[in-house]
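Read through the structure below, which is laid out as structure tokens, and then see the notes.
Throughout, protein chains are lettered first and strands after them, A, B, ... in sequence-line order, and every chain is numbered starting at 1. Everything numeric in this text was worked out from a predicted model, so none of it was measured.
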2 protein chains.
Amino acid sequence: MARPRGPGERAGLDTDQVLAAARDVLRDSGVSGLSLRAVARRLGVAPNAIYSHVGSRDELLDAVLDDVLAEVRLPFAGEVARDPLGAVRAIMLASYDVLLRHPGLMPSYLDRQGSRGVQAQQLGVVTLEALGRAGLTEPAAREAMRVLIVNTIGFAAFSARPTGSPPGVMSAVELRANFLRGLDWLLDGIAR
Amino acid sequence: MARPRGPGERAGLDTDQVLAAARDVLRDSGVSGLSLRAVARRLGVAPNAIYSHVGSRDELLDAVLDDVLAEVRLPFAGEVARDPLGAVRAIMLASYDVLLRHPGLMPSYLDRQGSRGVQAQQLGVVTLEALGRAGLTEPAAREAMRVLIVNTIGFAAFSARPTGSPPGVMSAVELRANFLRGLDWLLDGIAR
DNA sequence: ACCTGAACACCGTTCAAGT
DNA sequence: ACCTGAACACCGTTCAAGT
């Protein structure tokens, strides 16, 4: 839209703007459409300009992923103290709902063994603390958390219909109930 | 290696050979390297020749996936009758081990809501029957199976290190034990 | 430090044409 | 029916050069 820039002329971008554009592309075109070139196009810059703000496409995916996880509401300290496993349940359910709004992102998430971003780390810290308050040792808590995360991300991936695809045999409500059933089985096993 | 073919000259391919070449490429280059062009290259044909045997790259991925699932050993009818949940456990564990040998394939698997191929269907039929023998109604068995499958594929995806990447913090033995712990939690919940 | 221009080595897919 | 040739519209990434 603006006048084209010559070499040496700056666009005034920063990493946050690149990330925001990436999330826009993700929303409009899904994860398969989330290319560096598409992001650059949306920002009105040359394709390789992105490399000034992010090291590679994988780094961009990681950053977007972590950005999405910021939407997950964390329980207050009081909630954790009162009902630790209930807090864990709330975290997993909130994560499921958030991830479900971003179909296509979870496969690469699992591939990467979970995000190492700050938001993901914070979710992990709170979950581990709650599991500790529920009586688990730290190694046991880590084991339990891994199972819970795999279940949550996996079910979100399974539940997510690619954008613009036919409704599928199961409704979103049924899928969510199915996820909750599995989650409660796991929490029962963890509590035992 | 052979003499180049002109237009109209046949290569004598069939779908099985295309699939076999695809599995070779998958083994050597991982899922990111599994392109139609790479398969064509390995077969010594033009890139678009593949379209005579498979409709698209997604169809090829589906077919390869289902091919891999053929390696999962199914329990005998006797095993299912004697210990239905033990048979389910064996199916899931065998699936985990097989999928783990093909890192990178699971993300697209989850994305597709599981393979609809014949091998996957057969696995589903046997699992559902075993769950029925364990006392579950059909809707309950379907729900339980979904949770079990998500857990298995998800943990395999989580456990799989991309080919040629550093060892990672957890060993394969630890990851397998972690998967089994979650699997048994789920089976306990299902049995209740 | 941040950007453009140009290039390299790739993709999936389609269409026409040959036997 | 099965294949080649050529093309189209894409990719991620690198390198040199400009301010």
(message) Let me spell it out: for each of B:R10 and B:L36, pick the nucleotide of DNA chain C with the closest heavy atom. Which residue's pick is nearer the 5' end?
(response) B:L36

(request) Hey, which sits more toward the 5' end of DNA chain C by its nearest nucleotide, B:P47 or A:L13? (result) A:L13

(request) Answer yes or no: is there a side-chain heavy-atom contact under 4.5 Å between A:I91 and A:V88? (result) no

Atom-pair distance ([atom1] on [X]; [atom2] on [N]), nearest Å:
{"X": "A:I50", "N": "C:dA1", "atom1": "CD1", "atom2": "P", "result": "19 Å"}
{"X": "A:R41", "N": "C:dT4", "atom1": "CZ", "atom2": "P", "result": "14 Å"}
{"X": "A:Q17", "N": "C:dC2", "atom1": "CD", "atom2": "P", "result": "12 Å"}

Electrostatic pair [X]:[Y] at N-O distance under 4.0 angstrom:
{"X": "A:R42", "Y": "A:D28", "answer": "yes"}
{"X": "A:R23", "Y": "A:E71", "answer": "yes"}
{"X": "B:R176", "Y": "B:D97", "answer": "yes"}

(request) Considering only atom P, compute the distance from D:dA9 to C:dA9 and round it to an integer number of Å. (result) 22 Å

(request) For A:R37, answer base if it contacts any base atom (sugar-phosphate contacts may also be present), sugar-phosphate if it contacts only those atoms, and nothing otherwise; contact means non-hydrogen atoms under 4.0 Å. (result) base

(message) Using a heavy-atom cut-off of 4.0 Å across all strands, would you classify B:S52 as base, sugar-phosphate, or nothing?
(response) base

(message) Checking side-chain polar atoms at under 3.5 Å, does B:S159 have a donor or acceptor matched by the opposite partner on B:Y96?
(response) yes

Where the side chain of [X] is concerned, which of [options] is the nearest nucleotide?
{"X": "A:S56", "options": "C:dT4, D:dT13, C:dG18", "result": "D:dT13"}
{"X": "B:R57", "options": "C:dT4, D:dG12, C:dG12", "result": "C:dG12"}
{"X": "A:Y51", "options": "D:dT4, D:dT14, D:dC11", "result": "D:dT14"}
{"X": "A:A49", "options": "C:dC3, C:dC11, D:dC11", "result": "C:dC3"}

(message) Let's test this: given Watson-Crick or G-U wobble pairing with both distances under 3.5 Å, identify the partner of D:dA1.
(response) C:dT19

(request) Look through every strand shown and name the nucleotide pairing with D:dA7 as Watson-Crick or G-U wobble, where both distances are under 3.5 Å. (result) C:dT13

(request) Please state whether the phosphate of C:dC3, meaning OP1 or OP2, lies under 4.0 angstrom from any side-chain nitrogen or oxygen of A:H53. (result) yes

(message) Just N and O in the side chain of B:R5: are any of them under 4.0 Å from OP1 or OP2 of D:dT4?
(response) yes

